[in-house]
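To start, the structure under review is shown below, and the notes come after it.
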Amino acid sequence: MPEKTLPSLILTNYWFYWSVIIVLIGIIIYILLKNRTYRNKFDSKYSAQNEFIKLERQRISGEIHDEVGSGLSAIKLYAELSARNKPNIEEVRQLSDMINDISEKINEVIWSTNSDNDSLINIIYYIEEQIRKLFEHSGIKFEGNLPNDIPEITIKSQSRRDFYLLAKEIAHNAIKHSQATEVKLNIDISNGIILLNIKDNGLGFDPNSKKVKGMGLSNIKLRTQKLKGTLKIENYKGTAILVKIPIDKNVF
(Lines give C-alpha, C1' and ligand atoms only; values in the text may rest on other atoms or scores of the structure.)
Protein backbone atom coordinates (compact mmCIF):
# COMPACT_ATOMS: atom_id res chain seq x y z
CA MET A 1 0.00 0.00 0.00
CA PRO A 2 1.29 3.45 -0.82
CA GLU A 3 2.29 5.54 2.13
CA LYS A 4 0.05 8.53 2.92
CA THR A 5 1.63 11.87 2.36
CA LEU A 6 1.81 14.45 5.15
CA PRO A 7 -0.92 16.67 3.66
CA SER A 8 -3.25 13.71 3.35
CA LEU A 9 -2.58 12.70 6.99
CA ILE A 10 -3.29 16.23 8.14
CA LEU A 11 -6.51 16.29 6.11
CA THR A 12 -7.56 12.90 7.49
CA ASN A 13 -6.92 13.99 11.11
CA TYR A 14 -8.69 17.28 10.44
CA TRP A 15 -11.85 15.57 9.32
CA PHE A 16 -11.57 13.06 12.17
CA TYR A 17 -11.38 15.80 14.80
CA TRP A 18 -14.24 17.71 13.22
CA SER A 19 -16.32 14.52 13.09
CA VAL A 20 -15.69 13.97 16.81
CA ILE A 21 -16.59 17.59 17.59
CA ILE A 22 -19.79 17.38 15.53
CA VAL A 23 -20.78 14.15 17.29
CA LEU A 24 -20.10 15.73 20.70
CA ILE A 25 -22.12 18.82 19.78
CA GLY A 26 -24.95 16.53 18.66
CA ILE A 27 -24.83 14.64 21.97
CA ILE A 28 -24.85 17.89 23.94
CA ILE A 29 -27.81 19.23 21.94
CA TYR A 30 -29.66 15.94 22.47
CA ILE A 31 -29.01 16.05 26.23
CA LEU A 32 -30.15 19.68 26.43
CA LEU A 33 -33.33 18.93 24.50
CA LYS A 34 -34.10 15.89 26.64
CA ASN A 35 -33.41 17.92 29.78
CA ARG A 36 -35.78 20.66 28.59
CA THR A 37 -38.44 18.03 27.84
CA TYR A 38 -38.12 16.49 31.29
CA ARG A 39 -38.07 19.93 32.92
CA ASN A 40 -41.21 20.99 31.06
CA LYS A 41 -42.93 17.80 32.11
CA PHE A 42 -41.82 18.35 35.72
CA ASP A 43 -42.92 22.00 35.70
CA SER A 44 -46.27 21.00 34.26
CA LYS A 45 -46.71 18.25 36.84
CA TYR A 46 -45.54 20.56 39.66
CA SER A 47 -47.93 23.29 38.51
CA ALA A 48 -50.80 20.81 38.38
CA GLN A 49 -49.97 19.59 41.89
CA ASN A 50 -49.83 23.15 43.18
CA GLU A 51 -53.21 23.90 41.64
CA PHE A 52 -54.64 20.72 43.18
CA ILE A 53 -53.24 21.65 46.61
CA LYS A 54 -54.64 25.17 46.27
CA LEU A 55 -58.12 23.89 45.40
CA GLU A 56 -57.97 21.34 48.22
CA ARG A 57 -57.00 24.02 50.73
CA GLN A 58 -59.91 26.17 49.56
CA ARG A 59 -62.28 23.22 49.87
CA ILE A 60 -61.12 22.40 53.41
CA SER A 61 -61.29 26.06 54.42
CA GLY A 62 -64.82 26.34 53.04
CA GLU A 63 -66.00 23.18 54.78
CA ILE A 64 -64.54 24.25 58.14
CA HIS A 65 -66.21 27.64 57.76
CA ASP A 66 -69.58 26.23 56.71
CA GLU A 67 -69.80 23.13 58.87
CA VAL A 68 -67.83 24.04 61.99
CA GLY A 69 -67.63 27.83 62.01
CA SER A 70 -71.35 28.49 61.64
CA GLY A 71 -72.30 25.98 64.34
CA LEU A 72 -69.64 27.31 66.70
CA SER A 73 -70.83 30.88 66.12
CA ALA A 74 -74.34 29.89 67.28
CA ILE A 75 -72.92 28.26 70.42
CA LYS A 76 -70.76 31.34 71.04
CA LEU A 77 -73.78 33.67 70.88
CA TYR A 78 -75.74 31.41 73.22
CA ALA A 79 -72.83 31.26 75.71
CA GLU A 80 -72.41 35.07 75.65
CA LEU A 81 -76.16 35.51 76.24
CA SER A 82 -76.06 33.06 79.16
CA ALA A 83 -73.06 34.86 80.66
CA ARG A 84 -74.91 38.20 80.49
CA ASN A 85 -78.10 36.77 81.98
CA LYS A 86 -76.27 34.94 84.77
CA PRO A 87 -73.16 37.04 85.50
CA ASN A 88 -72.86 35.67 89.05
CA ILE A 89 -72.32 32.09 87.90
CA GLU A 90 -68.55 31.65 87.43
CA GLU A 91 -68.88 28.43 85.45
CA VAL A 92 -71.07 30.12 82.82
CA ARG A 93 -68.54 32.95 82.41
CA GLN A 94 -65.66 30.49 82.10
CA LEU A 95 -67.60 28.46 79.54
CA SER A 96 -68.23 31.62 77.50
CA ASP A 97 -64.53 32.52 77.61
CA MET A 98 -63.52 29.00 76.54
CA ILE A 99 -65.94 29.04 73.58
CA ASN A 100 -64.69 32.49 72.52
CA ASP A 101 -61.12 31.20 72.63
CA ILE A 102 -62.00 28.10 70.56
CA SER A 103 -63.94 30.24 68.08
CA GLU A 104 -60.92 32.51 67.64
CA LYS A 105 -58.62 29.56 67.00
CA ILE A 106 -61.06 28.07 64.47
CA ASN A 107 -61.16 31.37 62.60
CA GLU A 108 -57.35 31.42 62.53
CA VAL A 109 -57.32 27.90 61.06
CA ILE A 110 -59.86 28.93 58.40
CA TRP A 111 -57.75 31.97 57.54
CA SER A 112 -54.47 30.05 57.38
CA THR A 113 -56.00 27.26 55.27
CA ASN A 114 -57.54 29.55 52.66
CA SER A 115 -55.02 29.96 49.81
CA ASP A 116 -56.57 33.32 48.89
CA ASN A 117 -54.70 34.76 51.89
CA ASP A 118 -51.23 33.76 50.68
CA SER A 119 -50.13 37.28 49.68
CA LEU A 120 -47.90 39.51 51.81
CA ILE A 121 -50.40 42.38 51.70
CA ASN A 122 -53.16 40.15 53.12
CA ILE A 123 -51.02 38.89 56.01
CA ILE A 124 -49.91 42.41 56.97
CA TYR A 125 -53.45 43.80 57.03
CA TYR A 126 -54.71 40.68 58.83
CA ILE A 127 -52.05 41.07 61.53
CA GLU A 128 -53.01 44.71 62.11
CA GLU A 129 -56.72 43.85 62.23
CA GLN A 130 -56.34 40.94 64.66
CA ILE A 131 -53.98 42.81 67.00
CA ARG A 132 -56.36 45.76 67.02
CA LYS A 133 -59.11 43.37 68.15
CA LEU A 134 -56.88 42.09 70.97
CA PHE A 135 -56.67 45.59 72.42
CA GLU A 136 -60.36 46.49 71.99
CA HIS A 137 -61.37 45.64 75.55
CA SER A 138 -57.97 45.88 77.21
CA GLY A 139 -58.06 49.53 78.25
CA ILE A 140 -54.84 50.06 76.28
CA LYS A 141 -54.79 52.57 73.43
CA PHE A 142 -53.61 50.88 70.24
CA GLU A 143 -52.13 52.50 67.14
CA GLY A 144 -51.18 50.64 63.97
CA ASN A 145 -49.01 51.93 61.13
CA LEU A 146 -48.62 49.92 57.91
CA PRO A 147 -46.48 50.49 54.82
CA ASN A 148 -48.04 52.28 51.85
CA ASP A 149 -46.23 50.16 49.29
CA ILE A 150 -46.39 46.39 49.85
CA PRO A 151 -44.86 44.17 47.14
CA GLU A 152 -46.94 41.45 45.49
CA ILE A 153 -45.37 38.41 47.11
CA THR A 154 -46.84 34.98 47.76
CA ILE A 155 -46.01 33.58 51.19
CA LYS A 156 -45.68 29.92 52.14
CA SER A 157 -48.46 28.74 54.41
CA GLN A 158 -46.19 27.93 57.37
CA SER A 159 -44.29 31.23 57.09
CA ARG A 160 -47.58 33.11 56.98
CA ARG A 161 -48.73 31.39 60.17
CA ASP A 162 -45.39 31.92 61.95
CA PHE A 163 -45.40 35.62 61.01
CA TYR A 164 -48.92 36.11 62.33
CA LEU A 165 -48.39 34.15 65.56
CA LEU A 166 -45.11 35.99 66.16
CA ALA A 167 -46.84 39.38 66.05
CA LYS A 168 -49.78 38.10 68.10
CA GLU A 169 -47.50 36.69 70.82
CA ILE A 170 -45.66 40.01 71.18
CA ALA A 171 -48.94 41.94 71.38
CA HIS A 172 -50.40 39.45 73.86
CA ASN A 173 -47.36 39.87 76.11
CA ALA A 174 -47.86 43.63 76.08
CA ILE A 175 -51.46 43.19 77.25
CA LYS A 176 -50.61 40.71 80.01
CA HIS A 177 -47.33 42.01 81.40
CA SER A 178 -46.47 45.57 80.31
CA GLN A 179 -49.03 47.53 82.39
CA ALA A 180 -48.93 49.99 79.49
CA THR A 181 -51.51 52.57 78.50
CA GLU A 182 -50.38 52.79 74.86
CA VAL A 183 -49.06 50.26 72.34
CA LYS A 184 -47.90 51.02 68.82
CA LEU A 185 -47.54 48.53 65.97
CA ASN A 186 -45.30 49.53 63.07
CA ILE A 187 -44.72 47.35 60.03
CA ASP A 188 -42.38 48.60 57.34
CA ILE A 189 -40.63 47.10 54.30
CA SER A 190 -37.19 48.31 53.26
CA ASN A 191 -34.42 46.76 51.12
CA GLY A 192 -36.02 43.32 51.07
CA ILE A 193 -36.56 43.31 54.86
CA ILE A 194 -39.85 43.30 56.78
CA LEU A 195 -39.55 45.38 59.95
CA LEU A 196 -42.03 44.44 62.68
CA ASN A 197 -41.90 46.80 65.65
CA ILE A 198 -44.24 46.69 68.65
CA LYS A 199 -43.61 49.29 71.35
CA ASP A 200 -45.40 49.99 74.62
CA ASN A 201 -45.04 52.67 77.31
CA GLY A 202 -45.21 50.19 80.17
CA LEU A 203 -42.82 49.07 82.90
CA GLY A 204 -40.31 47.32 80.67
CA PHE A 205 -38.45 44.15 81.62
CA ASP A 206 -35.08 42.47 81.50
CA PRO A 207 -35.23 39.80 78.73
CA ASN A 208 -32.40 37.88 80.47
CA SER A 209 -34.25 37.67 83.77
CA LYS A 210 -35.53 34.27 84.88
CA LYS A 211 -38.85 35.90 85.81
CA VAL A 212 -39.79 36.48 82.17
CA LYS A 213 -39.34 32.89 80.98
CA GLY A 214 -43.09 32.38 81.08
CA MET A 215 -43.81 35.47 79.00
CA GLY A 216 -43.71 33.72 75.64
CA LEU A 217 -40.19 34.88 74.73
CA SER A 218 -39.12 31.35 73.81
CA ASN A 219 -41.97 31.13 71.26
CA ILE A 220 -41.11 34.58 69.91
CA LYS A 221 -37.46 33.59 69.48
CA LEU A 222 -38.39 30.26 67.89
CA ARG A 223 -40.74 31.80 65.33
CA THR A 224 -38.16 34.49 64.53
CA GLN A 225 -35.60 31.76 63.85
CA LYS A 226 -38.03 29.88 61.60
CA LEU A 227 -38.44 33.05 59.54
CA LYS A 228 -34.63 33.51 59.44
CA GLY A 229 -35.09 36.82 61.20
CA THR A 230 -33.37 38.74 63.98
CA LEU A 231 -34.90 39.82 67.28
CA LYS A 232 -34.02 42.93 69.29
CA ILE A 233 -35.58 43.95 72.61
CA GLU A 234 -35.09 47.46 73.99
CA ASN A 235 -36.21 48.86 77.34
CA TYR A 236 -36.57 52.63 77.40
CA LYS A 237 -39.77 54.22 78.68
CA GLY A 238 -41.42 50.86 78.05
CA THR A 239 -40.50 47.94 75.85
CA ALA A 240 -39.82 47.92 72.13
CA ILE A 241 -39.54 44.61 70.29
CA LEU A 242 -38.09 44.81 66.78
CA VAL A 243 -38.07 41.83 64.45
CA LYS A 244 -36.35 41.94 61.06
CA ILE A 245 -37.49 39.28 58.58
CA PRO A 246 -35.80 38.87 55.19
CA ILE A 247 -38.12 38.48 52.20
CA ASP A 248 -36.29 35.33 51.16
CA LYS A 249 -37.76 32.86 48.67
CA ASN A 250 -36.61 30.04 50.94
CA VAL A 251 -38.88 31.43 53.67
CA PHE A 252 -41.62 33.30 51.77
Side-chain angles (χ1 to χ4, degrees), residues 50 54 57 107-108 111-136 138 140-208 212 215-252:
N50 274 347
K54 179 180 178 181
R57 284 176 58 194
N107 287 331
E108 288 177 5
W111 173 80
S112 63
T113 307
N114 192 336
S115 60
D116 290 338
N117 298 319
D118 284 348
S119 67
L120 180 58
I121 188 170
N122 281 344
I123 173 63
I124 287 178
Y125 277 96
Y126 183 80
I127 285 174
E128 197 275 342
E129 177 188 2
Q130 295 303 308
I131 291 181
R132 186 177 294 278
K133 287 181 180 179
L134 281 178
F135 286 94
E136 277 183 355
S138 67
I140 300 174
K141 180 183 177 182
F142 173 76
E143 179 183 329
N145 297 301
L146 305 181
N148 294 322
D149 187 19
I150 303 174
E152 291 290 337
I153 296 174
T154 299
I155 306 178
K156 295 178 182 177
S157 178
Q158 186 58 49
S159 296
R160 179 159 54 99
R161 180 169 174 78
D162 284 329
F163 187 22
Y164 164 65
L165 291 177
L166 170 65
K168 182 182 176 183
E169 189 82 52
I170 296 172
H172 196 256
N173 276 347
I175 294 174
K176 288 182 64 178
H177 305 291
S178 71
Q179 297 185 35
T181 58
E182 295 181 2
V183 171
K184 293 182 180 180
L185 163 71
N186 286 285
I187 300 179
D188 198 9
I189 300 173
S190 177
N191 299 321
I193 301 291
I194 298 174
L195 305 172
L196 171 68
N197 189 7
I198 299 180
K199 184 177 184 351
D200 65 63
N201 66 344
L203 300 176
F205 67 93
D206 179 4
N208 297 316
V212 300
M215 293 173 59
L217 285 182
S218 58
N219 286 336
I220 291 172
K221 290 177 180 178
L222 179 61
R223 296 193 190 282
T224 301
Q225 290 173 358
K226 286 183 177 181
L227 294 167
K228 297 184 180 179
T230 59
L231 174 67
K232 184 178 181 181
I233 300 175
E234 295 179 343
N235 284 285
Y236 177 71
K237 295 183 179 179
T239 301
I241 298 182
L242 175 64
V243 182
K244 295 182 179 180
I245 304 170
I247 303 177
D248 189 305
K249 63 183 178 181
N250 293 322
V251 178
F252 280 73

At their closest point, which heavy atom of [X] faces which heavy atom of [Y], and how far apart are they?
{"X": "A171", "Y": "I198", "result": "N-CD1, 4.2 Å"}
{"X": "P246", "Y": "G229", "result": "CD-CA, 4.0 Å"}
{"X": "T224", "Y": "I220", "result": "OG1-O, 2.7 Å"}

First locate atom [atom1] of [X], then atom [atom2] of [Y], and finally report the distance between them rounded to the nearest 0.5 Å.
{"X": "I241", "Y": "I233", "atom1": "CD1", "atom2": "CD1", "answer": "5.0 Å"}
{"X": "L227", "Y": "R160", "atom1": "CG", "atom2": "CZ", "answer": "13.0 Å"}
{"X": "I155", "Y": "S119", "atom1": "CD1", "atom2": "OG", "answer": "7.0 Å"}
{"X": "H172", "Y": "F135", "atom1": "NE2", "atom2": "CZ", "answer": "9.5 Å"}
{"X": "L222", "Y": "L166", "atom1": "CG", "atom2": "CG", "answer": "10.0 Å"}

* Lys/Arg N to Asp/Glu carboxylate O, R132 vs E128, below 4.0 Å -> yes

* Does Y164 have any ring-ring contact (aromatic ring centres under 6.0 Å, His included) partners at least two apart in sequence or in another chain, and if so, which? -> W111, Y126

* The single option from K156, R223, K228 passing salt bridge (Lys or Arg N to Asp or Glu O under 4.0 Å) against D162 -> R223

Answer yes or no: is there a side-chain heavy-atom contact under 4.5 Å between [X] and [Y]?
{"X": "V183", "Y": "I131", "result": "no"}
{"X": "S178", "Y": "N173", "result": "no"}
{"X": "V243", "Y": "I170", "result": "yes"}
{"X": "F163", "Y": "L196", "result": "yes"}
{"X": "K221", "Y": "L231", "result": "yes"}

* Taking atom NZ of K168 as the centre, report whether more than 12 heavy atoms of other residues, nucleotides or ligands fall under 6.0 Å from it. => yes

* Answer yes or no: are there more than 12 heavy-atom neighbours, outside E136 itself, under 6.0 Å from its atom CD? => yes

* Residues in side-chain contact (heavy atoms from CB on, under 4.5 Å) contact with E143, at least two apart in sequence or another chain -> N145, K184

Taking only distance into account, with no hydrogens and no angle test, what donor-acceptor pairs under 3.5 Å do side-chain atoms of residues 188-195 form with protein atoms, sequence neighbours excluded?
none

* Which pairs with one or both residues in residues 192-203 pass side-chain hydrogen bond (donor to acceptor under 3.5 Å, both in side chains), sequence neighbours excluded? -> T181-N201

* Asked: Excluding sequence neighbours, so at least two apart, what forms salt bridge (charged side-chain N to carboxylate O under 4.0 Å, His left out) with K141?
  -> none

* Asked: Which residues satisfy the salt bridge (charged side-chain N to carboxylate O under 4.0 Å, His left out) test with K237, sequence neighbours excluded?
  -> none

